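First the structure, in the form of structure tokens, and then the observations on it.
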Amino acid sequence: MEGRLLSLILLTPLAGVLLLLLTPGGNRRLIKLMANLAGVAGFLVTIPLMMNFKAGTRGYQFTERLPWIPSLGVEYALGVDGISLLLVALTALAGALAILCSWGAVEERLKEFYALLLLQQAGMMGVFLATDFFLFYFCWELVLIPMYFIIGMWGGERRLYAAIKFVLYTVLGSVLMLLGILALYWQHFQQTGIYSFDIVKLMQVTLPPGTEHWIFWAFFIGFAIKVPMFPFHTWLPDAHVEAPTAGSVILAAVLLKMGTYGFVRFSLPLLPNASADRTVVRVIAVLSLIAILYGALVSLMQKDWKRLVAYSSVSHMGFCTLGIFALNHAGIAGSALQQVNHGISTSMLFLLVGIIYERRHTREIAQYGGLAHAMPGFAKVFAFAVFSSAGLPLLNGFIGEFTILQGVFAANRTWAAFAVMGVVLGAAYLLWLYQRTMLGAVTREENRGVADLTPREWLTFLPLMAWALWIGLYPKPFFDVLDAPVRAILERVAVR
Amino acid sequence: MTAFYTGTDHFAVLPALLLALFGCAVLLFEFVLPVGMASRRALAALTLAGEGFTAYSLYRQHSYLSSQGWPALTAFQGAVTIDGLALAFNWMFLAAAGLAALISYRYLETEGEHSGEYYGLLLFAQFGMFFLASGTDLIVQFTGLETMALSFYVLVGFLRGRRRSNEAALKYFVLGVLSSGLILYGFSVLYGISGSTKLSAVAGAVAGRGAGDPLIWLAVATLGAGLFFKIAAAPFHMWAPDAYDGGPTPVVAYLSVASKAAAFVLLLRLFLGPLAAAREAWQGLTVMVALASLAVGTIAALSQDNVKRLLAYSSIAHGGYVLLGLVAGNARGLQGIVVYLLTYVFMNTGAFLVLVLLRRGEAEGNHIDDLSGLMRRSPAAAVLMLLFLLSLGGLPPSSGFIAKYYIFLALVESGHYALAAVGAIFAAAGLYYYFRLVKTMFGGRELAGEPLAASMGTRVAMVSTAVVTLGLGLYPEPLLQLALLPVKP
């Protein structure tokens, strides 16, 4: 089992799908139990990975390699390094929580719902574990279909529109990315005579500058749509708002990270010259800054609670891309950590919106006010989530944003100045949201008797809060884990 | 003087002989057997038995060639050639015909048009296709083409009581005859410049004249126009939506995959055979037709409410992708064509199969609303349709992804980056109309009415198309090995 740990992590959710399909359809409670069991199992199998992972070691650990399509040189190759380790942990946790939070929220076609969530989780794990570019792409596309159905069948009123928009945007990006992958693969074959999608082998290709730029932009489209970077972000608010809570949590916590992960894992090490090109860096930095500021300003204007959180993702993911293209240690490490932070804090925010929506069936901010009176527990968790997301010291968001800003400052002071404005605006829209919904007198009768968090709901928040505190108080283990892979990337991308 | 009918000749054309034999037997038994359901069943079984024997004779050819290291086996003084290309396509035709025979029984019973001719024509069409794949003589190829086409004209109009079926058959016939005439004209030019009907002899004459020669140009233009008609590539696609819409659904499934593949193999035999030397003469034309097919197929399919018409336009777009494989012009492109057409047999037949299921009693099952709420009514059918649509859209984990992948890879390898990008964008756009169907199946209002019942044959066909479509998506190696056949020495 030791040698096949990553396969176990990848296959546990799929085993959960099978288990669910074999569960008799009539017993709703049993289905929910089975789904939660699969979710928790999916998280538990990642624990040995965390325990045995050796920080500071170069290259991939726990590698596995089996031939898959020999005539194309495609392998079933898995491996983790520090960057993917954190995202695997995040995926496992978010997957389990997404299942747990749906206990009361989803009552229709339970089996299909949970099966799709688990299928999705397997796909996302595959994205982060794959060290074969083909396998990565395969899993990248595999994630799409379950999310289409989760949004399209269990979503809000405009769910079908949002779902198809999500699919078309993502596929358009990913097919162009596929062409980039194929071009790289073909260049590798021409230079070495070997067909391979192994990302370590592909790093040995020396590309002509023109080709490298084309491939970079092909990758960029695929990853930027997923992040989403401005101006490719328009699918995100629709998808987030229409998706059921579990879908929003997965989207925000994990799916968006696939884009930033793609930049760190593929664009930078495989295409170092194009990635460090001054024009390229400038374009991406400007787009990131626009995303940070524009996302924050749009969040300020939102009347819909969930839409506000959705736009805040655009702003926060802008920090991640900006950090990556600062192209220094602090920027990339901070960005990798901030991906996890964003996953934690935004999951909490979406879970909270989901809970209040279940109770009051509205997401309009103006409908609320003074909720803290009726729901003291909810208000405490919400405050925690807001502080975490806004980057208050002692919590996770602060560490991530601070490190990114440190890196960005070293790269370019003007960018840092603009990015800091984003931090200020972030605090503004989040605190204003908190004030409008939680504080003050109760303005509406309906808000007086709203039930507080149930123990099950507390259970979904506790692991996230614990993790946020851990990162906020003692981030050293996380930076230790990230150090070696970030160094490896920087060795390939020299700032020029 | 060579012997007239040698053992090699016999071995080479045995699959076709078996098809003809069983086709005639079906017609004969129709007269002999009493009228009734049991006899109709016997006829269907006889057809399937014929396919079984044909499969065995193809298998023998396959194992013989593979044991000999893939030489091209020529028979009838070079008029017929059994090589990797012929075998790969004959396997394709066999699969398409077998699936069509399996799904026809219930459909014809519902329509009340069940008779032996139907199965006979099915087999005769495949007989014609055999000679399209293995003929290396202009006369043999033309005879094969006409045998196939004539069978299909009748099959498309098989629902005699339906005006739409008759209209479809007439349109298909008129345009089909025109395209056959064009092809024949091209053949006459090739014969004129070479004085021979053998492709090998034609090749020498074409190479001697070069691509700039006006006669070569005339041959390419007429052959191209005729074959693009048969493939249903834009702007020669006008017959396809009407023929697909009006024809009996199992026939349309067969027509859309097998007849298209047969026309493609003729195109390959000619353009990569004698006309390979005149590549400049047809490359530009093929690029334009491929792009036009992608555009017309994708854009027109967006607004179709009739699922059969939608699949017709999607089929035009798929033809565009296959043509891009020809444009790439490398070994990978040829493999891509085989991979694409082979997966297309299964995924497209699968999609039509679900439409056959929906055809019960009064419900025609062609309108997009007939799919409404299918997930609640018949989850199995809905999930299978989803699989086929994803495959047609080219998303993993289905075999359709591998097919598109190969075409894109071929284009990248041959340096056609811009074409690859256009193809990729159309692939993404195409998802919109496939997902329209998905949306209706999974989101739409549930229709009243009895649950769908599948006959034994339909079930077998459903399972096999689904297993192949998903299986080759997850583990495509066998498919890729088969696609290597045409490029073996």
Side-chain angles (χ1 to χ4, degrees), chain A residues 25 67-72 74 76 109 111-112 119 123 126 134-135 137-145 148-149 152-155 159-161 163-187 189-190 195 211 214-215 218 221-222 225, chain B residues 332 335 375-376 379 382-383 386-387 389-390 393-398 401-402 404-436 438-440 442-444 472-481 483-484:
Chain A
W68 178 16
I69 313 175
S71 42
L72 291 173
V74 177
Y76 168 83
R109 304 196 213 175
K111 231 175 170 174
E112 290 96 324
L119 193 63
F134 189 95
L135 180 64
Y137 185 81
F138 194 86
C139 294
W140 172 284
E141 292 279 65
L142 206 60
V143 168
L144 212 62
I145 310 302
Y148 171 82
F149 283 105
M153 290 177 74
W154 290 273
R159 56 180 182 266
L160 290 170
Y161 166 77
I164 191 70
K165 193 169 174 183
F166 164 73
V167 166
L168 289 181
Y169 255 93
T170 324
V171 168
L172 183 65
S174 57
V175 287
L176 293 173
M177 177 174 86
L178 176 65
L179 295 185
I181 299 174
L182 291 178
L184 190 64
Y185 167 76
W186 175 239
Q187 289 285 340
F189 172 74
Q190 281 185 316
Y195 283 116
T211 316
W214 279 110
I215 297 177
I221 300 258
I225 288 178
Chain B
R332 183 79 71 190
Q335 288 172 48
M375 182 59 194
R376 284 167 199 270
V383 171
L386 170 69
L387 173 67
L389 291 174
L390 290 181
L395 289 181
S398 61
F401 166 65
I402 305 291
K404 287 225 168 61
Y405 172 88
Y406 249 75
I407 299 291
F408 290 148
L409 183 59
L411 288 170
V412 166
E413 286 186 0
S414 56
H416 293 94
Y417 293 105
L419 280 179
V422 174
I425 289 167
F426 275 115
L431 278 181
Y432 179 77
Y433 55 82
Y434 295 124
F435 269 84
R436 252 187 89 204
V438 173
K439 183 175 89 178
T440 316
F442 288 83
L472 291 182
L474 290 173
Y475 187 67
E477 195 59 28
L479 173 70
L480 306 187
Q481 289 302 330
L484 277 176

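What you are looking at is a predicted structure, and each value in this text was computed from that prediction instead of being measured. Quick note on labels: first sequence line is chain A, next is B, and so on, each numbered from 1.
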For A/Trp186 and B/Ala410, indicate whether the former's side chain and the latter's backbone hold a donor-acceptor pair under 3.5 Å.
no
Nearest 0.5 angstrom please: A/Ile69 CD1 to B/Ile402 CD1, how far?
4.5 Å
Applying side-chain hydrogen bond (donor to acceptor under 3.5 Å, both in side chains), name anything that partners B/Glu477, two or more places apart in sequence or on another chain.
A/Ser71, B/Gln481
Give the minimum heavy-atom separation between B/Ala428 and A/Leu168, together with the two atoms involved.
O-CD2, 3.4 Å
What is the minimum heavy-atom distance between A/Trp68 and B/Leu474, and which atoms define it?
NE1-O, 2.7 Å
Of A/Leu182, A/Leu179, A/Ile181, the one forming a side-chain contact (heavy atoms from CB on, under 4.5 Å) with B/Leu409 is A/Leu182
Chain B contact via A/Tyr76 - which portion, at a heavy-atom distance below 4.5 Å:
neither
Just so I know, are the side chains of A/Tyr148 and B/Lys439 near enough to count as touching, which here means a heavy-atom distance under 4.5 Å?
yes
Greatest number of non-hydrogen atom pairs under 4.5 angstrom with chain A, of B/Leu431, B/Val412, B/Val438, B/Leu480, falls to B/Val412
For the residue pair A/Ile164 and B/Phe435, what are the closest heavy atoms and their distance?
CD1-CB, 3.2 Å
Heavy-atom side-chain contact between A/Leu160 and B/Phe442 under 4.5 Å
no
I want to check a possible cation-pi pair here: B/Arg332 against A/Phe189, using under 6.0 Å from ring centre and within 45° of the ring axis as the test.
no
A/Phe138 versus B/Pro397, closest heavy-atom pair with distance:
CZ-CB, 3.4 Å
Portion of A/Glu112 that has a non-hydrogen atom of chain B nearer than 4.5 angstrom
side chain
Contact origin within A/Arg159 toward chain B - heavy atom pairs under 4.5 Å
neither
Chain B contact via A/Val74 - which portion, at a heavy-atom distance below 4.5 Å
neither
Within residues 415-422 of chain B, contacts to chain A at heavy-atom distances under 4.5 Å involve B/Tyr417, B/Ala420, B/Ala421
Counting only heavy atoms closer than 4.5 Å, note whether B/Leu386 contacts chain A via side chain, backbone, both or neither.
side chain
For residues A/Leu72 and B/Tyr406, determine if any side-chain heavy atom of one lies less than 4.5 Å from a side-chain heavy atom of the other.
yes
Who among A/Glu141, A/Gln187, A/Arg109 has the most heavy-atom pairs with chain B under 4.5 Å?
A/Arg109
Taking every non-hydrogen atom, the tightest pair across B/Ala424 and A/Leu176
CB-CD2, 4.3 Å
Fit a plane to each ring of A/Tyr137 and B/Phe401, take the angle between them on a 0 to 90° scale, and name the class: parallel (under 30°), tilted (30 to 60°) or perpendicular (over 60°).
parallel
Spacing of OH belonging to A/Tyr185 relative to CD belonging to B/Glu413, to within rounding of 0.5 Å
7.0 Å
Working to the nearest 0.5 angstrom, can you tell me the gap between B/Met375 CE and A/Met153 CE?
6.0 Å
Heavy atoms from other residues, nucleotides or ligands near OH of A/Tyr195 exceed 12 (cutoff 6.0 Å):
yes
Side-chain touch A/Val175/B/Ile425, heavy atoms, less than 4.5 angstrom:
no
Taking every heavy-atom pair that is under 4.5 Å apart, which of A/Pro70, A/Ala183, A/Ala218, A/Gly152 has the most such pairs with chain B?
A/Pro70
